[in-house]
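A short worksheet on the structure shown next.
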Amino acid sequence: MPTGSVRLQSIKRLGQDNHSYDVSDDGTDVSPSNRTPEDSEKPAIRVGFFQLFRFATCKDVAMMVVGGVCAMLHGSAQPLMLLVFGMLTDTFIEYDVELNELRDDRKECVNNTIVWKRNYTEAYDPAAPPPTGWGLINNSTWEMLTPLRPLRCGILDIEHEMTLFAFYYVGIGVAVFLLGYLQISLWVRSAAKQVQLIRKLYFSKVMRMEIGWFDCTSVGELNTRLSDDINKINDAIADQVSIFIQRFTTFICGFCIGFVKGWKLTLVIVAVSPLIGLGAGLMAWFVAKLTGMELQAYAKAGAVADEVLSSIRTVAAFGGEQKEVQRYDRNLVSAQQWGIRRGLIMGFFTGYLWLIIFLCYALAFWYGSTLVVGAQEYTPGTLLQVFFGVLVAAMNLGQASPCLEAFAAGRGAATMIFETIDREPEIDCLSEAGYKLDRVKGDIEFHNVTFHYPSRPEVKILDQLNVAVKSGETTAFVGPSGAGKSTAIQLIQRFYDPKEGMVTLDGHDIRGLNIQWLRSLMGIVEQEPVLFATTIAENIRYGRPGVTMEDIITATKEANAYNFIMDLPQKFETLVGEGGGQMSGGQKQRIAIARALVRNPRILLLDMATSALDNESEAVVQEALDKVRMGRTTISIAHRLSTIKNADVIVGFEHGRAVERGKHAELLERKGVYFTLVTLQSQGDKALNEKTQKNHPEKLNLSRAGSYRSSLRASVRQRSRSQLSNLIPESSVNMAGEIGPRTYSLSKPENTTLDEEEEEAVEPAPVARILKYNAPEWPYMLFGSFGAAINGGVNPVYALLFSQILATFSITDPDVQTREINNICTFFVMVGVVSFFTQMLQGYAFSKSGELLTRRLRRLGFHAMLGQEIGWFDDHRNSPGALTTRLATDASQVQGATGSQIGMIVNSLTNIGVAVIMSFCFSWKLTLLILCFLPFIGLSGAFQARMLTGFAKQDKVAMESAGRISGEALNNIRTIAGLGKERSFVEMYNAQLDMPYQAALKKANVYGACYGFAQCVVFFTNSASYKFGGYLVRQEGLHFSLVFRVISAIVTSGTALGRASSYTPDYAKAKISAARFFQLLDRVPQISVYSGKGDKWDNFKGNLDFIDCKFTYPTRPDIQVLNGLNVSVKPGETLAFVGSSGCGKSTSIQLLERFYDPDHGKVLIDGHDSTHVNVSFLRSKIGIVSQEPILFDCSIAENIKYGDNSREIGMDEVTAAAKKAQLHDFVMSLPEKYETNVGAQGSQLSRGQKQRIAIARAIIRDPRILLLDEATSALDTESEKTVQDALDKAREGRTCIVIAHRLSTIQNSNIIAVMSRGIVIEKGTHSQLMDLNGAYHKLVTTGAPIS
């Protein structure tokens, strides 16, 4: 760092004066101290531009200085070329004038000056005054009497002159190549060095932070910073700087040339330029505003889509798919109109800019030519130098602005990164400070410890905790979830420091001990052990550096892991997979125990070490733990009694205090916390054991993808599981528990594979198919293409006019000359006007066709989504949020592949076509020569446009392996801290940074060379063409203006071509988006709503049979929900399902609705297999009222009408249904009656009111089957009574399935089925079941709600 180092202070809130800097006095680094006021206004960017370079070494600075100088020299090359160009033009014109003069056969060349031929002029004495009478005679003879201007002749060897200019051009070209190469490669190199250093510093500082800091910073955010944000810094300090310097130099030099060579013309041009700026500014403003309006308009449609997709089950149940598609489509109209307006405005302003530019040309050439011809202040060459000087300057200023964005982004990104680098950790795990005790006994004591997590300061976790743990004893911490047991363990490890009180080890406050040493005394086994993605042996080695293989084997034997490891084909060299995913829970747990034992710890911390295991593995692991506890201080947190009974001391926790301690028997007598836990558990155990004997074989290795892991990392691992295990029979904990160990295994790779799968599965869509969807808009596309074609012709026409102007300067007759110039200027104006209209036409036509396409695709996409089976929506990739974004973005990106893209292609083709044809007409030889260079010119154009977007993508790939290490480290920071492995991860990360660095150096050279090449092509092309042009002018009498015409036509259209080719990154994106879309459109749903296939029959009775139904949800294939359900209902009967939650009651209803089909067994409706029944027919016969009825954001009447979407429903029917549902009176009391809006999801109404609307909605369908899914459970007694009456009315004469938790609602059902674990365990009427004296009887007599 420079001597005057800068330290970022903590950031205060906005508006407080922000003393973000200390500037140390020892140095000379003043840049940060004179901060501009503007900087302090924007607290988001607190890093000055020059501070981005604070990690540069002297060598880097030298490289950047040299690169900067090269950039400045390079920037002056274009203006230099203009000087050469001016001289060249003058030479050509001089030569042409000489030719024109000598064509007059009365003149001749004598002694290198042009004179009248002698025989014409001998008779007169030019000195004598002319005879008076001849004043009016204007004959040729009189003309000859005036002495000629002293014009030279015969000296000018045009070929030789042109060769000289060609050499100038080549010289400048070579210089440009070298300078371009140097400027880029030097800056990229120095940036690579600095970025590597920033990455190292940042990562090592992050690894040193205390755990509390990680609680407040999400891992995802840190990973983003390591990759994206540092890349942004890279962009801000690399090639962009040199390009900015180069463009800015060009800008300054261009204006200098303008003002030095001809200040009058320069001023005139500068005076007009605000119009261009104004146009560009207005365009940006309008486009932003209109885009905003379009998004806002789309937001309405998006809200519809979101509402519908969120309540897809309701939509499906009531068959409202087509209706919703139409509602969505209606809302798309206004978005479409705003989009079209935006296209029109963009076309208008593009046209306006072209118009102004052409008017500018006209003005400049007209005024310039008066200065050349009339006042003779300028030579034609000067006119060109001035005009192009200003033009080039303005263009380069415009091109320099993207660099400023990169700088701002870099400074923004650097803010957070530098602040982290400068932050001092509160508990520095890598510091050498602190004592190391010689002998450790292992007594741990908490003295009045109070603590809350930094991420949640308002929640007190420990409150005046006092606990003593004696050395050599096993102490068990028990207590409900969130009582502070794990927190106590984390304080012993010194992951956090207590707010008050202290934790002591052998009487020493642990804050005074060396952290690494302290943590090396402890072995910890967690509930969710973290294994690293390497071999088993390596994982165990993480326990202690430098262990021998013997030690590892001993440890694994002690941990009961040796045998299973030896059974694996690769034994200790087996890879455990990302997060240990290849291992079962028990195996991971035992490897983790071995890792803890290899440390030979004095203190063993067991945090729920066996809770995540099934009984068998638990026994094995428990045995291992009992072996290793001997002679060590052990603290064990557990919920299973078996694991606690034999502890020496049991400490009961509650609300962050230790409320009781003693042995198992003593605590049972006290009837406190421990007692309640024990009694709850033993009851559960009994019920479980009976069940397990029955269905043991189905122990699946369960695993559920999900971010279980990330929630685990959340600062307090809330042990919801632990509550479960207190309340529910153990087996369900097994379910939950078994899910535990594998979660990470799946969750991580699942996400990574998911991304890959999305990337790889999508082949970019063929354009033909996209166009097919756009076919109805062909007239618009035709007109658009016509406009584009004319716009393409503008460039060559400009070249034509420009060379024509040069030709006029060699005309000798002043009147003809003036007339010619005025004509050409008028022509410029005309081209500008035409261009204005065609640009507008192109913009409007393509935006119209594009917006219509977008709307059509959105509608089709939405239609396709609503047609998918319900299981599809369960997939997290198809969450309502994801789907609405897909509709919003993908559909609008597809435009990029049709309209505007076609416009681009037509434009480029006509541009090149017209230019080439025109050039061939004027001089085919010269054209052929230039065409050889055309590919290179195109390439250079493409390359320059690519430069602006930067080369970030390739960097990302190089960073992947380093990213993997950092990701693993940050995700598992607690484990790493517990093992004291921070250093080795930092070293591994730094080692991985070498590859990207080498890649960057290689890139620097390639990139520099490409840039240099791109910049110098034009110079070489010009050099060759002017040399050859000179030859043609001399040998073949080609008019010099044609040389200019051909060269400028092809060179400008070539660069335009290159630019166009790169202006289409949207194109690739569009094809991918389209492919994703077509994937959706082509997907064949497993249960299709739109198809007319399937059985329909007239006298639908409503006879239902479930025969041996087994079912698992597609997203959770490991959890068997229905286990062979058998139950049947006769028409007109009522079946009631009762049972605890999760036993499959609602699932059976969903099978009946055909939201899902059973995996095995079948559902029969009137004897027809449900899978063969037409879906919409079946659903039209079923009415459903669920616990939380979903209402749509429209009026009450519309919500009730939603019950039957197959026909128009009159108000009479609505009121009739409302009366049946006991709703009518309440509605009539509202001011707007049936037109009252219910709000989003019915938020304006109470639950009872919503419930009754839902009942009316079900009644209006007049269904044969009525499904009531806990329809009254959410209501208070009074509303329940009203709703219950309504339901009883509705049930008359219909087959009905009721799910309820309150017995009052069930008693009068025909059949009551008691369900448990997906099977019916008892069924019969109320009285039959009461006599059975089974589960139902127990429920009724205890009066408990059934759950």
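These numbers come from a predicted model, not from an experiment.
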Any chance [atom1] of [X] has more than 12 other-residue heavy atoms, nucleotides or ligands included, within less than 6.0 Å?
{"X": "F837", "atom1": "CZ", "result": "no"}
{"X": "F1013", "atom1": "CZ", "result": "yes"}
{"X": "F922", "atom1": "CZ", "result": "yes"}
{"X": "M840", "atom1": "CE", "result": "yes"}

What distance do [X] atom [atom1] and [Y] atom [atom2] have between them, rounded to the nearest 0.5 Å?
{"X": "I269", "Y": "L363", "atom1": "CD1", "atom2": "CG", "answer": "8.0 Å"}
{"X": "C921", "Y": "L1042", "atom1": "SG", "atom2": "CG", "answer": "11.0 Å"}
{"X": "L83", "Y": "L384", "atom1": "CG", "atom2": "CG", "answer": "12.0 Å"}
{"X": "I184", "Y": "C70", "atom1": "CD1", "atom2": "SG", "answer": "10.5 Å"}
{"X": "I790", "Y": "S785", "atom1": "CD1", "atom2": "OG", "answer": "11.5 Å"}
{"X": "H74", "Y": "C1016", "atom1": "NE2", "atom2": "SG", "answer": "8.5 Å"}

Compare every heavy atom of [Y] with every heavy atom of [X], then report the nearest pair and how far apart it is.
{"X": "S810", "Y": "V97", "value": "CA-CG2, 3.8 Å"}
{"X": "I824", "Y": "L801", "value": "CG2-O, 4.0 Å"}
{"X": "I245", "Y": "G68", "value": "CG2-O, 3.9 Å"}
{"X": "S1025", "Y": "L929", "value": "CA-CD2, 3.8 Å"}
{"X": "L800", "Y": "M918", "value": "CD1-SD, 3.8 Å"}
{"X": "G258", "Y": "T266", "value": "O-OG1, 2.8 Å"}

Any donor-acceptor N/O pair, [X] side chain to [Y] backbone, under 3.5 Å:
{"X": "Q817", "Y": "T808", "result": "yes"}
{"X": "T818", "Y": "P814", "result": "yes"}
{"X": "T910", "Y": "A789", "result": "yes"}
{"X": "S1041", "Y": "A807", "result": "no"}
{"X": "D90", "Y": "G381", "result": "yes"}
{"X": "N911", "Y": "N907", "result": "no"}

Any side-chain heavy atom of [X] within less than 4.5 Å of one from [Y]?
{"X": "L1038", "Y": "V1043", "value": "yes"}
{"X": "L806", "Y": "F1040", "value": "yes"}
{"X": "V1046", "Y": "F920", "value": "no"}
{"X": "F1028", "Y": "K925", "value": "yes"}
{"X": "Q183", "Y": "M72", "value": "no"}
{"X": "V287", "Y": "M283", "value": "yes"}
{"X": "Q804", "Y": "F827", "value": "no"}
{"X": "V66", "Y": "L182", "value": "no"}

Discussion item. Please identify which of these residues, F1019, F1020, Y181, meets the side chain to side chain contact (heavy atoms under 4.5 Å, CB included) condition with V176.
Written reply: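 Result for side chain to side chain contact (heavy atoms under 4.5 Å, CB included) with V176: F1019.
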Item to complete: Assess whether ring pair (Phe, Tyr, Trp, His ring centres under 6.0 Å) is satisfied between F802 and F828, documenting all intermediate values.
Response: CA-CA 9 Å; F802 158 70; F828 265 125; 8.9 Å; no
Could you tell me if the ring centre of [X] sits under 6.0 Å from that of [Y]?
{"X": "Y361", "Y": "Y798", "value": "yes"}
{"X": "F92", "Y": "F1044", "value": "yes"}
{"X": "F387", "Y": "F365", "value": "yes"}
{"X": "F248", "Y": "F244", "value": "yes"}
{"X": "F358", "Y": "F836", "value": "no"}

Worksheet item: Do V386 and I257 pass the side-chain contact (heavy atoms from CB on, under 4.5 Å) test, and can you show the C-alpha distance, the side-chain angles, and the key distance before you say yes or no?
Response: CA-CA 6 Å; V386 172; I257 287 188; 5.8 Å; no
Discussion item. Using side chain to side chain donor-acceptor pair (under 3.5 Å), reason through T382 and T379 one step at a time and then give a plain yes or no.
Written reply: CA-CA 5 Å; T382 316; T379 63; 2.7 Å; yes
Practice prompt. Decide yes or no on side chain to side chain donor-acceptor pair (under 3.5 Å) for Y1011 and Q246, but give the supporting numbers first.
Written response: CA-CA 12 Å; Y1011 184 70; Q246 172 206 328; 2.5 Å; yes
Worksheet item: Between W354 and Q839, does a side-chain contact (heavy atoms from CB on, under 4.5 Å) hold up when you go through it step by step?
Response: CA-CA 9 Å; W354 278 109; Q839 286 283 359; 3.1 Å; yes
Practice prompt. Please work out whether the ring planes of Y1026 and F85 are parallel, tilted or perpendicular, with thresholds of 30° and 60°.
Written response: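 Tilted, since the angle between the ring planes falls between 30° and 60°.
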Discussion item. Checking F407 against Q240 for the side-chain contact (heavy atoms from CB on, under 4.5 Å) test, could you report, in this order, the C-alpha distance in whole Å, the side-chain angles of both residues, the deciding distance, and whether it holds?
Written reply: CA-CA 8 Å; F407 299 156; Q240 294 290 342; 4.1 Å; yes
Discussion item. Checking F167 against K1027 for the side-chain contact (heavy atoms from CB on, under 4.5 Å) test, could you report, in this order, the C-alpha distance in whole Å, the side-chain angles of both residues, the deciding distance, and whether it holds?
Written reply: CA-CA 9 Å; F167 282 134; K1027 167 79 184 81; over 6 Å; no
Discussion item. Applying ring pair (Phe, Tyr, Trp, His ring centres under 6.0 Å) to Y169 and F165, what does each step give before you reach the verdict?
Written reply: CA-CA 6 Å; Y169 269 121; F165 284 128; 7.9 Å; no
